[in-house]
Amino acid sequence: MKPHSMEEKISYRLFLMGFLGLLFTAALCIFVFHRAFTAQAWDDLEKESDLIRAGYDLTSEPQQLSFFVTGDLRITLISPDGDVIFESATDQPMENHLTRPEIVQALQGSIGKDIRDSQTMGYETYYYAVQLPGGNILRVAQDAETVWSVYDGALPAIVLSCVALMLAAAILSTLLTRALVQPVLNMTEDLDHIQDKVPYKELIPFAESIHADRILRENNEKMRQDFTANVSHELKTPLTSISGYAELIETGIAKPGDVPGFAQKIHGEASRMIQLVNDILQLSSLDNASETSSMPEMEVVDLLDVAKECVERQKLNARHAYITLTYLGESAPVRGNRNLLDELCQNLCDNAIRYNRPGGKVQIVTACTRDGHCSLTVTDNGIGIPRESQSSVFERFYRVDKSRSKATGGTGLGLAIVKHIALIHGARIKLESQVDVGTTITVTFPTAS
C-alpha cells in the first residue's frame, strides 16, 4: 500500500479541524440564538401581559380587552373552571381550556408558559398565562418565526459563507503544511550535517539518530575494508611461503635432505592458514548473530566446569611453553551457550600462554558476587600490554608484538572473538595490564535468572 505523504496528511487534518470547528460554531450559534430568541419572546409577552392586566383592572369588562389587541397579539380570558370568557381571535364558542399546559401552570403557580406549533408553516405560538386577583386567567399569545425558519431565510448567505470559509481553510492548511514540511525536506539535502539543520526541537533525536547511523555505517564499511585488507595480507604471507617451498621441491632444486624440512614448514604454514580461516569463519558467524539478533541456544552453564575443561585442553600447550596452568574458584552458574563460553575461555587462555615467558604462570579463576553476577578471570605474569595499546587489543588483527604473534602462530582475532562472545551474552570485559608484570582479563556475566 502506497503511504500517504506527510504534507497530504497534515493538510487533510488541518482542513478537517477547520470543518469540525465550523460545524461546532454553527451548532453553538444556533443554541445561543435560540435561547436569546426565546427569552426575548417571553419578555415581550410578559410586558404585554402586565399592560393588559393593568387596563383590565380599571375596567373589569372582558369586552374591553379587545382594545388592547395589536397586530398578531391574541388575548384570551379564561374562568377558573376552564371556560373561555373572552377570545380576541374569534367570536365562535371554544372548548374548555382547563387542560391546556399554560392554564394548569397558572392555576398552580399564578404564571404559565407553553410553546406550540402554529397553524402557519414556519411559525410557533408562545402562550403566556397569568392568574388575576379574581381567579380568572389572562392569557396572551403571539405567533413568532421558529429559529429554523429564520435560518431558512438566511440559508443562501450561510451556505456561501461556509463555502468561502472552507475554501479559505483549504488554502491556509495547504500553505501552512508546506511551511511546516519544507524545512523537514531541506534536512535531507545534506545528511552529513543533518544535525546542524534541524528546524524543530522535536526532530533533534531523529536527526541525531540518522547522523549516528551514518557514522556507524561508515565505520562498519571502513572496518570491512580494513578486515578484507588484513585477511588478504595474512593469507598472502603463508601462501607465498607454501608456494615457494613447493616450487623448490617440484623443480628438484631442493636437496633430498632438505625436503622433510620444507614439508614441515609447508605443514606449519598450512596449519596457520587453517587456524586463520577458522577464526575468520567464527568471527563472521558471531557478526551475523549480533546483526540479526539471532541468539544462540542458551542454557545454564557453570563457569567452573568451563575453566576445568579449558585447563585440560590447554595442558599440553602450556607444558610445551613451560607455563604452569591452573584453575581456581567456586561454582559460577551463568546463562549462556556452552560452545561459545568454551571458545571464550580457550582464546583468553591461549593468549595468556602465548604472550608469557618460560616458567610463567596462568591461572583461571571463577567467582560469584552476592548479587548473583558471576565472572571468569584469566591472569598471567607475562610480558603485559602497554597502556597505549590496551584500548585496541580487542580490534581485529591488532597485535601488540607482531613478531612474537607470528612466531607463536597467533592470528590476531582471538580477543576480537572474545569481545563478540561477551557481547552476545551481555557480559562486561575488564582489562588490567602492566608491561613486564602481567595481564588480567575479567569477563563479568549477568545473573543466571
Side-chain angles (χ1 to χ4, degrees), residues 223 226-227 230-231 234 275-291 295-296 298 301-314 317-318 323 325 327 329 332 334-356 362-367 373-380 382-386 389-402 404-405 408-433 438-446:
M223 186 174 66
D226 293 342
F227 182 73
N230 287 328
V231 168
E234 293 293 334
Q275 180 61 41
L276 177 62
V277 170
N278 287 336
D279 284 351
I280 291 172
L281 292 175
Q282 174 75 8
L283 200 56
S284 176
S285 175
L286 294 173
D287 277 338
N288 290 334
S290 298
E291 291 177 2
M295 297 296 292
M298 298 290 187
V301 180
D302 194 336
L303 293 179
L304 184 60
D305 294 338
V306 173
K308 288 179 183 178
E309 293 188 12
C310 181
V311 169
E312 287 297 321
R313 283 194 298 267
Q314 291 284 354
N317 185 24
I323 302 295
L325 177 61
Y327 71 89
V334 299
R335 187 162 187 80
N337 181 273
R338 180 59 186 262
N339 293 332
L340 292 182
L341 292 177
D342 286 340
E343 184 78 18
L344 178 141
C345 188
Q346 182 88 7
N347 282 329
L348 289 177
C349 189
D350 187 63
N351 265 22
I353 295 172
R354 179 176 289 115
Y355 296 100
N356 213 319
V362 174
Q363 188 175 60
I364 305 174
V365 181
T366 60
H373 288 81
C374 297
S375 62
L376 184 145
T377 303
V378 178
T379 303
D380 67 71
I383 63 175
I385 303 171
S389 299
Q390 290 181 12
S391 61
S392 304
V393 292
F394 292 97
E395 295 177 5
R396 304 174 188 193
F397 293 110
Y398 185 86
R399 295 184 178 91
V400 178
D401 187 344
K402 294 181 173 57
R404 186 181 182 93
S405 297
T408 56
T411 63
L413 295 175
L415 290 182
I417 292 173
V418 168
K419 176 183 175 182
H420 275 69
I421 294 175
L423 182 66
I424 289 174
H425 287 80
R428 302 189 309 273
I429 301 177
K430 181 181 180 182
L431 169 67
E432 296 174 313
S433 185
T439 300
T440 298
I441 297 179
T442 302
V443 184
T444 304
F445 295 84

Stepwise, does the side chain to side chain contact (heavy atoms under 4.5 Å, CB included) test hold for V443 with L348? CA-CA 10 Å; V443 184; L348 289 177; 4.1 Å; yes
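- Here the straight-line distance linking atom CG of N347 with atom CD1 of I417 works out to 5.0 Å at 0.5 Å rounding.
- Separation of atoms NZ (K419) and CD1 (I424) is listed at 12.5 Å; rounding is to 0.5 Å.
- Here the closest heavy-atom approach between residue C345 and residue A307 is recorded as SG-CA, 4.3 Å.
- Between R338 and V306, some side-chain heavy-atom pair lies under the 4.5 Å cut-off.
- Under the side chain to side chain donor-acceptor pair (under 3.5 Å) criterion, E395 pairs with no residue, sequence neighbours left out.
- Residue pairs meeting the salt bridge (charged side-chain N to carboxylate O under 4.0 Å, His left out) criterion with at least one member in residues 344-353, sequence neighbours excluded: D350-R354.
- One finds the CG atom of L325 at 5.5 Å from the CD1 atom of I364 (value rounded to the nearest 0.5 Å).
- Summarising the geometry, atom NZ belonging to K308 is positioned 9.0 Å from atom OG1 belonging to T366; distances are rounded to the nearest 0.5 Å.
- Inter-residue side-chain proximity for T379 and V365 is flagged as unmet; no heavy-atom pair is nearer than 4.5 Å.
- For the pair T444 and S375, the tightest heavy-atom approach, listed with the atom from each and the gap, is OG1-CB, 3.9 Å.
- Within the 4.5 Å cutoff, no side-chain heavy atoms of L341 are placed close to those of L376.
- Residue S392 holds its OG atom at 10.5 Å from CD1 of I385, rounded to the nearest 0.5 Å.
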Could you tabulate the donor-acceptor pairs under 3.5 Å formed by side-chain atoms of residues 425-432, not counting sequence neighbours?
unit_1: H425; atom_1: ND1; unit_2: I421; atom_2: O; d: 2.8
unit_1: H425; atom_1: NE2; unit_2: N337; atom_2: N; d: 3.0

Salt bridge (Lys or Arg N to Asp or Glu O under 4.0 Å) evaluation trace for R313 with E309: CA-CA 6 Å; R313 283 194 298 267; E309 293 188 12; 3.8 Å; yes
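- T442 and T377 share a side-chain donor-acceptor pair at under 3.5 Å.
- Residues I441 and L415 have side chains in contact (heavy-atom distance under 4.5 Å, counting atoms from C-beta outward).
- Inter-residue side-chain proximity for L304 and Y327 is flagged as met; some heavy-atom pair is nearer than 4.5 Å.
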